[in-house]
Amino acid sequence: MLTNETQRRPGGLTALAVLNFVFAGFNLLGLLALAVGLVVLATVDAAKLDEARQQMDEAMGEAGVAAIAVQIGLGLVALVLQVFSAIGYLRMAPILGRMTGNAFAVVSIAGVFAGAAMGMPFSIGSVVSLIYPLLTLLLLNFTFRGDFLRGQVVPIPVPVADTTVVVAGTLQQDLAATAALRRDLVMHFGWRHALRGGGAVLYLLSLLGGGLMIAAAFISPVETLLASDKPGAAARAEEMLHSGMVVDAIGWVTGADAATSAYFVKEQPALQSAILLMLLASMPFFACLAGFNQTAGEIGTKGLRFLLLRTDRSSLFLGRFLAALLFASVGVVVLVAVTIIYLAARLDLYAFTDLLLWGAQGTLALWLVLLPHLALTAWVSAALESPMGSFSLCSAVVGLPIALLKGIVFALRKIQDIDLAWTDRLLPWGWKYDLLDPSLANRAVAAAVMVGFTVLFLWLGRRTFLRRDV
Amino acid sequence: MSSVVVKASGLVKSFNGMRALDGMDLEVPQGSLYALVGANGAGKTTFFSIVGGFLRPTGGSVEVLGHTAPEGGALRGRLGMLPQDAAFLAGVPVLEQLVFCARLQGFDASGAHAAALQALDSVGLADVAQRNPRALSHGMLKRVALCQAFLGNPEIVFLDEPTAGLDPETARRVRALVREWGGKRTVVISSHNLAELQDLCTHVAILHRGRILSAGSMEDIAFAGCHYRCAFDGAVDEPMLLALRSLAEVASADVVAGELQIRTAAGVARNDAAAAILRCLLALGRPPRKFVEGVSLEHRFLEAIGGQSDGLGGS
């Protein structure tokens, strides 16, 4: 009998262990850099390195040498805990794995807040560094809790509250009503399995990590400007954000006219607009991560056969799609919420209600972009038998048509001066920025197009799944 | 055993032009333990997969419990199956997967939990309920898949190679389970272990190249023109043969490949024939060292597909 941990360990836990090792490497490099900075601050004659010291002081905020030393100490403790907990995850050891992992997460979170309390700058980068330990806490104490309890019987979570009870063997009732129940059951089980299997963990980390890095790219320069002690920094930051150059840049990225670009910059929080527009452009690719393995893996292992004996193919297909949509949506909501809270708390540029309202509209827009692309991945996943093949094809199906259309349009414009920009509208990609358009009518049309594409892709996917051999 | 619970009519399934099923006709009576035998590639798994709704037939039809083109949605909880080569989800404890299966069958949450635990207990695996399937041996996984097939007490169960790859002890245990369960519902089993099927099943169908060559009750197939095969300490002599041939219950008695083979007369009850033969042999002072009744399923199978048997075998 195979009893080693490799055979028992959920894929999500393996992914967490691998990520621990990878991030530990990055953290080590960061700590080394911090240590070098500390040595420079403590030993080099200030008179000789005035400019460098000034820059470093700016970077370090109000923190002194002692604060940096504390940071390095906490960082080292977190690093050791991170490495040991990764080994513990792989061994599924209760103390070395779960307990040490929890300790790593707590120390990491404490390190960020301790640094802020001691005068280290709290930036969007600090928020990014909070995401991983928070996710670790959630996964260790909910999703993978049972995997660390050797030999103990853990109560099995009930996927859905009791609703319809149909005694097996006597079913000749309203199948349509029970199909909805089965679809819900498939969705709940799919959502839970996606977390345990590792797919959802990777998606959430990629979305939150990638999304916050996108946010950081816009926020950091403004933050640096605001952090300087120079008088009128806030006014200059605002002026910079509302400048014609920013309006032009937004117009160039979105293809919008000057009035629409100005709306994004001047009538809405400009920084938030920039983040949302970039997220809208990235969302199709995050959708691939969220949706590529809705059915492909289990068609390959024939695991779906256990389910097909008990439910109809439509419920299975739609239930899996809804599960992917559920965790993809949770990621989007968390990402936008974090940026809103950060912008409101750290940058004194926008009113919280403005950020909240524009953020809510942005979340809806992101969700609407997510819909057709997840449906597309559901179709691809239903057609293939390999998760890796499905991921590759999903990425290609999402990315290639966009690249091809862009290339053709660009080439024709160069050669013949023919404007075929309208061809963008053949794909959901071409409608994404309209979801935040100042005109409500345009937004409604774009939303209808997104829903239309979703229905089309789901119909095609369902048709493929119903007809294929599983 | 009155009504028919599975009816295949002219069932055809092609894979890239190759016919795995080529007009298969089959009727499975209710309450039977039905053996489906055939060589590799005969179409057994393809037939099971069509019944389970995993594969779409190219032609013909199959009706299960009155439903044509069966799918889980229509038959949920009424049809169980042990599919060949299907794998449980890695990373999700087996109990959780069985609970999910039971919930899809219509059980409420607590009922599903109880049914799953009971099913695992019935195959002696209650202690691995929380294990990841990847931590289980091949035999254990087979037993988990088997209890999945019987989860919720379905009316008809299809078992595709239930003992393949199992050690003798586990295989014996599985046979005992099937025998126990089979008495309560219709069970269709495919296996290459023909002696096992002959021992277990009440009915048999021989499938060859996608067609049924022969089907009926095990009695009709294996005991048609009932044979007895005897072995003795010492040679079979002429007086013994003459004495046996003189019995009204015996049609013929001959030595074949060093063994005495006796064919009973038409219309004679098997028990009466066996009693008469044994009485005769004891009267001659030649009790048999081996006394085997019937023709082996393997013999009938090889006979049907035109292959070679190394003897009559027996049960």
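As the structure is a computational prediction, the values presented were derived from the model and not from experiment.
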- Task: Evaluate the side-chain contact (heavy atoms from CB on, under 4.5 Å) criterion for residues Phe100(B) and Leu307(A): first the C-alpha distance (whole Å), next the side-chain angles of each, then the deciding distance (0.1 Å), finally the verdict.
- Result: CA-CA 9 Å; Phe100(B) 178 50; Leu307(A) 307 183; 3.5 Å; yes
- Starting from the C-alpha separation in whole Å, work towards a yes-or-no answer on side-chain contact (heavy atoms from CB on, under 4.5 Å) for Thr311(A) and Arg76(B). CA-CA 6 Å; Thr311(A) 187; Arg76(B) 69 179 192 138; over 6 Å; no
- What is the distance from atom CZ of Phe306(A) to atom CD of Gln97(B), rounded to the nearest 0.5 Å? 8.0 Å
- Under 4.5 Å from a heavy atom of chain A, the part of Phe158(B) involved: neither
- Nearest heavy-atom neighbours spanning Arg310(A) and Gln105(B): NE-OE1, 2.6 Å
- For Glu27(B), the side chain to side chain contact (heavy atoms under 4.5 Å, CB included) test, sequence neighbours excluded, returns Val4(B), Lys7(B)
- Message: Surrounding CZ of Arg209(B) (heavy atoms of other residues, nucleotides or ligands, distance under 6.0 Å), is the total greater than 12?
- Response: no
- Item | Phe15(B) atom CZ: more than 12 heavy-atom contacts under 6.0 Å | yes
- Query: Does Arg56(B) use its side chain to pair, donor to acceptor, with the backbone of Leu466(A) at less than 3.5 Å?
  - Reply: yes
- Message: To the closest 0.5 Å, what do you measure between CG (Leu89(B)) and CG (Leu304(A))?
- Response: 8.5 Å
- Message: Treating Arg305(A) as the side-chain partner and Asp85(B) as the backbone partner, does any N or O pair qualify as donor plus acceptor under 3.5 Å?
- Response: no
- Task: Take Phe88(B) and Thr301(A), measure what side-chain contact (heavy atoms from CB on, under 4.5 Å) needs, and give me the verdict at the end.
- Result: CA-CA 8 Å; Phe88(B) 285 102; Thr301(A) 62; over 6 Å; no
- Gln118(B), CD: over 12 other non-hydrogen atoms inside 6.0 angstrom: no
- Output for pair (Arg183(A) CZ, Leu104(B) CG), nearest 0.5 Å, gives 13.0 Å
- Item | Test item: Asn132(B) and Met92(A) side chains (from C-beta on) under 4.5 Å apart, heavy atoms | no
- Min side-chain heavy-atom separation Val92(B)-Phe189(A) under 4.5 Å: yes
